[in-house]
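Please read the structure below before turning to the comments.
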Amino acid sequence: MKIRLALFLGLCTLTAGLSQTIVELPHKNSENVVWEGGEREYYSNIWNTEIVSNVSIPTMEVFVADPEQANGTSVIIAPGGGLYAHSIKKEGTDVAKWLNAKGITAFVLKYRLVPTQGDAVQEITEAGARNPAEIGEKVTPILPLAIQDGLSALSYVRTHADTYGIQPDKIGFMGFSAGGAVTIGVAYNSSLENRPDFIVPVYPWTDIIPIKDAPDNAPPMLVVCATDDPLGLAKGSIALYTAWLQEGKKVGLHMYAKGGHGFGMQPQGLPSDTWITRFYEWGLSEGFIALAPPKEE
């Protein structure tokens, strides 16, 4: 009994420590992109949520599942924000905490973003109103860097699977909006070492990444979007689903009639509020997730 208690306390201590861990990912600097100043984190009154901007060094925050409930599955989470910012709470840490409650270890990825000064959300908002093509010009050199950060994250998690008590063949990648584009890019460019075992693009920004035929090593995929997405991303989401379907790959699609864009973990009183539960059910049915044992009282 004493040995078991000591082991349990040790695991709890490890979990508490790892949940606060920030991992810097290996990356190559780009000669074409220069950042000034450091990473910024603040509340955006435009998007009404916490955001992170001006990310030049890719990192992950680790959320380790309770050892009593851990099922071996892990998910790397790539928040959205137009590649100008990360919607770090409702498309990042809130997602990680929900997954933790289901026994899933999560890694919130801060991939590299467009260099900005001041309020990045205001900058992208004004650019969208003034000249949307300007946004395309800014994000074009950034997307390949962000995809590489996603692949580096997968390599790191798989290499350190034992450290985090996860299974190296149950590592998923979930991305929102611009993070969804990163997710798709990861699927298109992965090798054996950094291939995700499943992917979940949520209202993916398909306008910035051309939809191609599913690759030979295409991971199983669940696409989530809303028909009334104001950015018109429903069509791209359907095209992505169709690309996997036509190649006989495992794929699912949840297309909600209403939900808009950027809902993440923000309740709206709509069926789209339960999208993450639908993901969990999909993971259970496909065998990527095992039911977590109930906590002992």
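In this structure, NE2 in H254 is found 10.0 Å from OG1 in T277, a value given to the nearest 0.5 Å. Remark: M174 CE to F198 CZ distance equals 7.0 Å, nearest 0.5 Å. In this structure, the separation between CG on L233 and CD1 on I238 is 11.0 Å, given to the nearest 0.5 Å. Atom-to-atom distance recorded for Q167:CD and T73:OG1 is 6.5 Å, nearest 0.5 angstrom. For the atom pair CG of L83 and OG1 of T116, the computed distance is 11.5 Å after rounding to the nearest 0.5 Å. N29 CG to E31 CD: the interatomic distance, rounded to the nearest 0.5 Å, is 9.5 Å.
Taking both residues in full, the closest heavy atoms of S237 and V223 are given as CB-CG1, 3.7 Å, listed atom of the first, atom of the second, then distance. Minimum interatomic distance between L192 and R158 (heavy atoms only, all atoms of both residues): O-NH1, 4.0 Å. Residues P168 and D197 approach most closely at O-OD2, 3.4 Å, considering heavy atoms. Between Y188 and P215, the shortest heavy-atom distance links the atoms CD2-CD, 4.0 Å. Between A239 and I211 the shortest heavy-atom distance is O-CG2, 3.9 Å. Heavy atoms only, all atoms of each residue included: K89 and T49 are closest at CB-OG1, 4.4 Å.
With a 4.5 Å cut-off on side-chain heavy atoms, E36 and Q117 count as touching. In this structure the side chain of Q122 reaches within 4.5 angstrom of the side chain of I46, judged on heavy atoms. In this structure the side chain of V251 never reaches within 4.5 angstrom of the side chain of P220, judged on heavy atoms. M255 is listed as a side-chain neighbour of C225, based on a closest heavy-atom distance under 4.5 Å. The shortest distance between side-chain heavy atoms of I171 and P196 does not fall below 4.5 Å. Counting only heavy atoms from C-beta outward, the side chains of T21 and V23 approach each other to under 4.5 Å. Counting only heavy atoms from C-beta outward, the side chains of V33 and P115 approach each other to under 4.5 Å.
With a 6.0 Å radius and a threshold of 12 heavy atoms from other residues, nucleotides or ligands, N48 has its CG atom above the threshold. More than 12 heavy atoms of other shown residues, nucleotides or ligands fall within 6.0 angstrom of atom NZ in K90.
Listed by chain and number, the residues in a ring pair (Phe, Tyr, Trp, His ring centres under 6.0 Å) with Y156 are H160 (sequence neighbours excluded). Applying the side-chain hydrogen bond (donor to acceptor under 3.5 Å, both in side chains) criterion to H261, with sequence neighbours excluded, gives S177, D229. In this view, W35 satisfies the ring pair (Phe, Tyr, Trp, His ring centres under 6.0 Å) rule with no residue, not counting sequence neighbours. Residues passing the side-chain hydrogen bond (donor to acceptor under 3.5 Å, both in side chains) test with S285: none are found, sequence neighbours excluded. Listed by chain and residue number, S191 satisfy the side-chain hydrogen bond (donor to acceptor under 3.5 Å, both in side chains) test with N194 (two or more places apart in sequence, or in another chain).
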From CA spacing to verdict: side-chain contact (heavy atoms from CB on, under 4.5 Å), V121, E123: CA-CA 5 Å; V121 177; E123 187 172 324; over 6 Å; no
Under the side-chain contact (heavy atoms from CB on, under 4.5 Å) criterion, do V157 and M60 qualify, and how do the steps go? CA-CA 10 Å; V157 172; M60 290 192 301; 4.0 Å; yes
Worked verdict on N54 versus L113 for side-chain contact (heavy atoms from CB on, under 4.5 Å): CA-CA 6 Å; N54 204 47; L113 297 171; over 6 Å; no
For Y256 and V224: C-alpha separation, side-chain torsions, deciding distance, then whether side-chain contact (heavy atoms from CB on, under 4.5 Å) applies. CA-CA 8 Å; Y256 295 95; V224 179; 4.1 Å; yes
Donor-acceptor contacts under 3.5 Å from residues 132-147 side chains, at least two apart:
unit_1: E134; atom_1: OE1; unit_2: R130; atom_2: NH2; d: 2.9
unit_1: E134; atom_1: OE2; unit_2: R130; atom_2: NH2; d: 3.0
unit_1: T140; atom_1: OG1; unit_2: G136; atom_2: O; d: 2.6

Can you give each donor-acceptor pair under 3.5 Å made by side-chain atoms of residues 199-206, sequence neighbours left out, with the distance rounded to 0.1 Å?
unit_1: Y203; atom_1: OH; unit_2: E91; atom_2: OE2; d: 2.6
unit_1: Y203; atom_1: OH; unit_2: F263; atom_2: N; d: 3.4
unit_1: Y203; atom_1: OH; unit_2: G264; atom_2: N; d: 3.0

Expected list for residues 105-112: side-chain donor-acceptor pairs under 3.5 angstrom, two or more places apart:
unit_1: T105; atom_1: OG1; unit_2: A65; atom_2: N; d: 3.1
unit_1: K110; atom_1: NZ; unit_2: E39; atom_2: OE2; d: 2.8
unit_1: Y111; atom_1: OH; unit_2: P79; atom_2: O; d: 2.5
unit_1: Y111; atom_1: OH; unit_2: G179; atom_2: N; d: 3.4
unit_1: R112; atom_1: NE; unit_2: D149; atom_2: OD1; d: 3.2
unit_1: R112; atom_1: NE; unit_2: D149; atom_2: OD2; d: 3.1
unit_1: R112; atom_1: NH1; unit_2: K28; atom_2: O; d: 2.9
unit_1: R112; atom_1: NH2; unit_2: D149; atom_2: OD1; d: 2.8

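No donor-acceptor pair closer than 3.5 Å links the side chain of R40 to the backbone N or O of S53. Side chain of R195 to main chain of N189: no donor-acceptor pair is present (N/O by atom type, distance under 3.5 Å, no hydrogens or angles). At distances below 3.5 Å, not a single donor-acceptor pair connects side-chain atoms of D94 with backbone N or O atoms of M265. Looking at N100, its side chain does come within 3.5 Å of a backbone N or O of I104 through a donor-acceptor pair. The main-chain N or O of I289 is never found under 3.5 Å from a side-chain atom of N71 such that the two would form a donor-acceptor pair.
The side chain to side chain donor-acceptor pair (under 3.5 Å) pairs that include a residue from residues 242-253 number zero, where partners must be two or more places apart or lie in different chains. Sorted pairs that involve residues 201-215 and meet salt bridge (charged side-chain N to carboxylate O under 4.0 Å, His left out), not counting sequence neighbours, are lacking altogether. Residue pairs meeting the ring-ring contact (aromatic ring centres under 6.0 Å, His included) criterion with at least one member in residues 219-240, sequence neighbours excluded, do not occur. For residues 266-275, the side chain to side chain donor-acceptor pair (under 3.5 Å) pairs, not counting sequence neighbours, are T274-R278.
Cluster membership check: L284 shares its hydrophobic cluster with M221, using side-chain heavy-atom separations under 4.5 Å among Ile, Leu, Val, Met, Phe, Trp and Tyr. Put simply, I57 and L25 are part of two different groups of oily side chains (I, L, V, M, F, W, Y) that touch within less than 4.5 Å, one to the next. In the hydrophobic cluster analysis, where Ile, Leu, Val, Met, Phe, Trp and Tyr join through side-chain heavy atoms closer than 4.5 angstrom, F176 is grouped apart from L270.
Taking the six-membered ring where tryptophan is involved, the planes of F279 and W282 are tilted, since the angle between them lies from 30° to 60°.
Figure legend: K102 and Y280 shown as a cation-pi pair, the cationic atom lying under 6.0 angstrom from the six-membered ring centre and within 45 degrees of its axis.
D228 has no carboxylate O lying under 4.0 Å from a charged side-chain N of K258, or vice versa, which leaves the two without a salt bridge.
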